[in-house]
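Data block below; observations after.
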Number of protein chains: 2
Amino acid sequence: MLSPTGGTPQTSTRVLVIDDEPQIVRALVINLKARKYEVDAAHDGATALELAATRHPDVVVLDLGLPDMDGVEVIRGLRGWTRVPILVLSARHSSDEKVEALDAGADDYVTKPFGMDELLARLRAAVRRAEPAGGGEDDVMVETEEFTVDLAAKKVNRGGKDVRLTPTEWHLLEVLVRNTGRLVSQRQLLQEVWGPSYGTETNYLRVYMAQLRRKLEADPSHPKHFVTEPGMGYRFEK
Amino acid sequence: MLSPTGGTPQTSTRVLVIDDEPQIVRALVINLKARKYEVDAAHDGATALELAATRHPDVVVLDLGLPDMDGVEVIRGLRGWTRVPILVLSARHSSDEKVEALDAGADDYVTKPFGMDELLARLRAAVRRAEPAGGGEDDVMVETEEFTVDLAAKKVNRGGKDVRLTPTEWHLLEVLVRNTGRLVSQRQLLQEVWGPSYGTETNYLRVYMAQLRRKLEADPSHPKHFVTEPGMGYRFEK
DNA sequence: TGGGAGCGTCAGAGTTCCGTCAAAGACGGT
DNA sequence: ACCGTCTTTGACGGAACTCTGACGCTCCCA
């Protein structure tokens with residue numbers, strides 16, 4: 001397996017490393033980048049949560065001993081809005097601490113000092129099982145009469161031409177398309193696209209929904225696919 | 001969390017324990033049963049694969065040192081057809097063996113001797129993340145002769161067309177449908193839909209119940225599904 | 001047979017919510 | 001430092017939704 005993603009080598013796996021010890025971060029970053037992961041790093045809990053919200057990593061490696069906040073709090077902060085795999089690092093061998101971290105929502109717990117091989121193997125395992133359950137092929141292509149969305153390639157095609165979407169537009173589209181037919185509440189949309197601390201800024205939604213409609217709907221002022229449910233949320237229909 | 005299943009306490013979680021050391025199996029079985037898990041045990045790889053196929057466990061605890069076959073072979077045998085979480089136990093601390101087991105498809109790796117608390121926490125973590133991703137329950141459909149309610153998608157279909165409901169109408173419908181066949185008092189309806197400080201504003205109910213009937217009943221003035229129980233409340237019947 | 005209580009129906013007033021536009025701010029690359 | 005792109009913000013008109021009061025109906029009981 002050359003690519004860390006295994007099944008879908010199109011885009012590489014994004015890892016968020018959270019640790020306050022520079023040498024550990026360096027070792028991790030070097031090893032991960034050598035294996036074609038994209039890596040973000042944070043050295044405290046606050047920036048970690050922020051990065052998680054903006055960068056949407058595919059897996060998180062978290063050292064419990066942070067300067068600004070309890071590691072378990074970081075886990076809870078993440079679990080409030082995402083199911084991203086969390087791999088905990090810790091110098092403590094205490095059983096209680098392991099139990100607490102795992103029950104707070106961590107996926108795995110590795111005690112320092114750890115072997116890099118083992119850590120990478122556990123990371124692969126965490127990423128692998130987070131992949132969609134559909135045995136291999138997944139309905140990454142969604143088609144409507146007017147346009148086609150390729151979730152894997154992150155591409156939208158309309159009338160033979162690729163439509164250019166900004167990151168936010170794409171993210172919004174992705175959440176809606178992944179819930180085709182289902183109503184998605186404005187709160188959920190805001191939190192998934194803008195991060196867990198958002199939830200009431202519905203004007204963002206109005207602006208970006210308008211952009212999507214302008215780019216994808218045949219008649220943007222009478223949308224067929226991006227339906228508004230007043231007071232509740234939005235719904236994508238094929 | 002009292003029940004090991006967490007979100008769905010209806011049926012207990014089924015664990016398959018695979019180990020050839022009787023004392024370890026005994027300890028695990030006792031601890032697991034005390035926590036209301038259903039437990040099956042196998043002491044070799046062949047029966048393990050057989051039991052896995054017939055019993056469909058929710059999680060597997062596997063000792064790598066089996067008499068009849070290599071532990072990694074058991075993992076591969078399982079991974080050929082199921083994504084059930086596999087928790088590996090092993091006396092070996094070797095990094096290579098961990099990597100091999102994890103890459104073969106194991107979800108976690110615990111070295112003996114292990115703390116029972118930690119093992120149980122890792123087990124909970126494995127079961128938790130295997131739960132369906134959709135916020136909890138999904139595909140809750142209620143059907144009548146005239147219309148269909150999809151509680152997850154927040155959709156009502158009638159004669160092939162989607163019916164549009166306002167937030168209040170939805171909320172009211174939801175409470176009634178979740179209590180299909182049962183009488184729901186006006187007080188309870190008012191408090192669930194309009195908030196705890198409401199309880200006597202029965203005119204709200206009259207108005208919105210009329211809306212629901214107009215949108216969903218074949219003959220709104222002679223409702224079949226949204227039945228009034230004078231002086232008491234309302235009842236939804238299929 | 002008359003009257004009251006509970007319910008269904010309707011339409012208008014008031015409020016909230018949404019689509020749209022424009023401009024300012026933030027960011028990254030040259 | 002400049003420019004282009006993307007994101008954030010504010011303002012406004014119009015649409016959708018909720019609330020409210022009035023009226024008529026039916027059922028039950030005196």
Side-chain angles (χ1 to χ4, degrees), chain A residues 40 50-51 53-56 154 156 162-174 176 183-187 189-195 197-235, chain B residues 154 156 162-174 176 183-187 189-190 192-195 197-235:
Chain A
D40 294 311
E50 207 177 305
L51 271 178
T54 55
R55 302 275 297 166
H56 291 274
K154 291 207 191 303
V156 182
D162 280 352
V163 181
R164 180 178 186 78
L165 295 183
T166 71
T168 309
E169 285 163 8
W170 173 260
H171 211 321
L172 183 57
L173 176 67
E174 193 172 2
L176 287 168
L183 175 81
V184 188
S185 72
Q186 16 201 29
R187 173 171 219 81
L189 284 170
L190 282 165
Q191 297 198 339
E192 294 224 22
V193 178
W194 279 269
S197 62
Y198 294 76
T200 55
E201 294 81 349
T202 59
N203 45 330
Y204 292 12
L205 286 179
R206 297 209 297 278
V207 171
Y208 278 92
M209 203 60 66
Q211 310 263 59
L212 278 182
R213 297 205 255 236
R214 191 173 331 130
K215 291 184 178 180
L216 299 179
E217 290 273 4
D219 181 359
S221 53
H222 299 92
K224 277 172 54 187
H225 305 293
F226 300 95
V227 188
T228 302
E229 303 277 359
M232 302 200 289
Y234 293 87
R235 184 198 305 278
Chain B
K154 286 219 187 332
V156 181
D162 283 347
V163 182
R164 169 160 280 204
L165 297 183
T166 72
T168 310
E169 286 162 9
W170 248 113
H171 212 153
L172 185 57
L173 176 66
E174 200 170 352
L176 288 169
L183 172 76
V184 188
S185 73
Q186 334 192 64
R187 172 169 219 86
L189 283 170
L190 281 165
E192 292 224 27
V193 178
W194 279 269
S197 61
Y198 293 75
T200 54
E201 294 81 348
T202 59
N203 46 330
Y204 292 11
L205 286 180
R206 296 208 297 278
V207 172
Y208 278 94
M209 203 60 67
Q211 309 263 58
L212 277 183
R213 298 206 254 236
R214 186 169 342 123
K215 290 183 178 180
L216 300 179
E217 291 273 5
D219 181 0
S221 51
H222 298 92
K224 276 171 55 185
H225 303 107
F226 299 96
V227 188
T228 303
E229 303 279 357
M232 308 190 61
Y234 294 87
R235 180 200 309 276

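Proteins get letters first, then strands, A, B, ... in listed order; numbering begins at 1 in each.
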- Message: Using C1' atoms of five pairs at each end, report the bend of the helix from C/dT1-D/dA30 to C/dT30-D/dA1 rounded to 10 degrees.
- Response: 30°
- Which heavy-atom pair separates B/G199 from B/R187 by the least distance, and what is that distance? O-NH1, 3.9 Å
- Message: So, using side chain to side chain contact (heavy atoms under 4.5 Å, CB included) as the criterion, who are the partners of B/E174 when residues are at least two apart?
- Response: B/L151, B/K154, B/R178
- For DNA chain D, determine which residues of residues 202-213 of chain B have any heavy atom closer than 4.0 angstrom to one of its atoms, and list them numerically. B/Y204, B/V207, B/Y208
- Restricting to pairs with a member in residues 199-217 of chain A, which pass salt bridge (Lys or Arg N to Asp or Glu O under 4.0 Å), not counting sequence neighbours? A/E169-A/K215
- Message: Restricting to side chain to side chain contact (heavy atoms under 4.5 Å, CB included), what partner residues turn up for B/E192, sequence neighbours left out?
- Response: B/V175, B/Q188
- Item | Where B/P220 and B/P223 come nearest, the two heavy atoms and their spacing | O-CD, 3.7 Å
- Task: Answer yes or no: is there a side-chain heavy-atom contact under 4.5 Å between A/Y198 and A/V193?
- Result: no
- Can you find a heavy atom in the side chain of A/Y204 that is under 4.5 Å from one in the side chain of A/L189? no
- Query: By side chain to side chain contact (heavy atoms under 4.5 Å, CB included), which residues pair with B/A210, not counting sequence neighbours?
  - Reply: none
- Item | Value rounded to 0.5 Å, distance of CE in A/M232 from OG1 in B/T166 | 7.5 Å
- Message: Near DNA chain D, counting only heavy atoms under 4.0 Å, which residues of residues 220-232 of chain A show up?
- Response: A/P230
- Message: So B/L205 and B/W194, do their side chains get closer than 4.5 Å, heavy atoms only?
- Response: yes
- Message: By the 4.0 Å heavy-atom rule, please label A/Y234 as base, sugar-phosphate, or nothing.
- Response: sugar-phosphate
- Message: Do B/V227 and B/L183 make a side-chain contact, defined as non-hydrogen atoms from C-beta onward lying under 4.5 Å apart?
- Response: no
- Task: List for me each residue that meets side chain to side chain donor-acceptor pair (under 3.5 Å) alongside A/D162, sequence neighbours excluded, and say none if there are none.
- Result: A/N157
- Approximate separation, where rounding is to 0.5 Å, of A/E50 CD and A/D40 CG: 12.0 Å
- Query: In chain order, what residues pass the side chain to side chain contact (heavy atoms under 4.5 Å, CB included) check against A/P230, with sequence neighbours excluded?
  - Reply: A/T228, B/R164
- Task: Heavy atoms of chain B, cut-off under 4.0 Å: which first and last nucleotide of DNA chain C, 5' to 3', fall inside that, if you could look?
- Result: C/dG6 to C/dC10
- Considering all heavy atoms of both residues, which atom of A/T202 and which atom of A/L190 are nearest to each other, and what is their separation? N-CD1, 4.2 Å
- Query: What parts of residues 163-172 of chain A reach DNA chain D, counting only heavy atoms under 4.0 Å away?
  - Reply: A/R164, A/T166, A/P167, A/T168
- Task: For residues A/H225 and A/L212, determine if any side-chain heavy atom of one lies less than 4.5 Å from a side-chain heavy atom of the other.
- Result: no
- Query: Between which nucleotides of DNA chain D, 5' to 3', does chain B make heavy-atom contacts below 4.0 Å?
  - Reply: D/dC17 to D/dT20
- Message: For a 4.5 angstrom cut-off between non-hydrogen side-chain atoms, does A/F226 reach A/L216?
- Response: yes
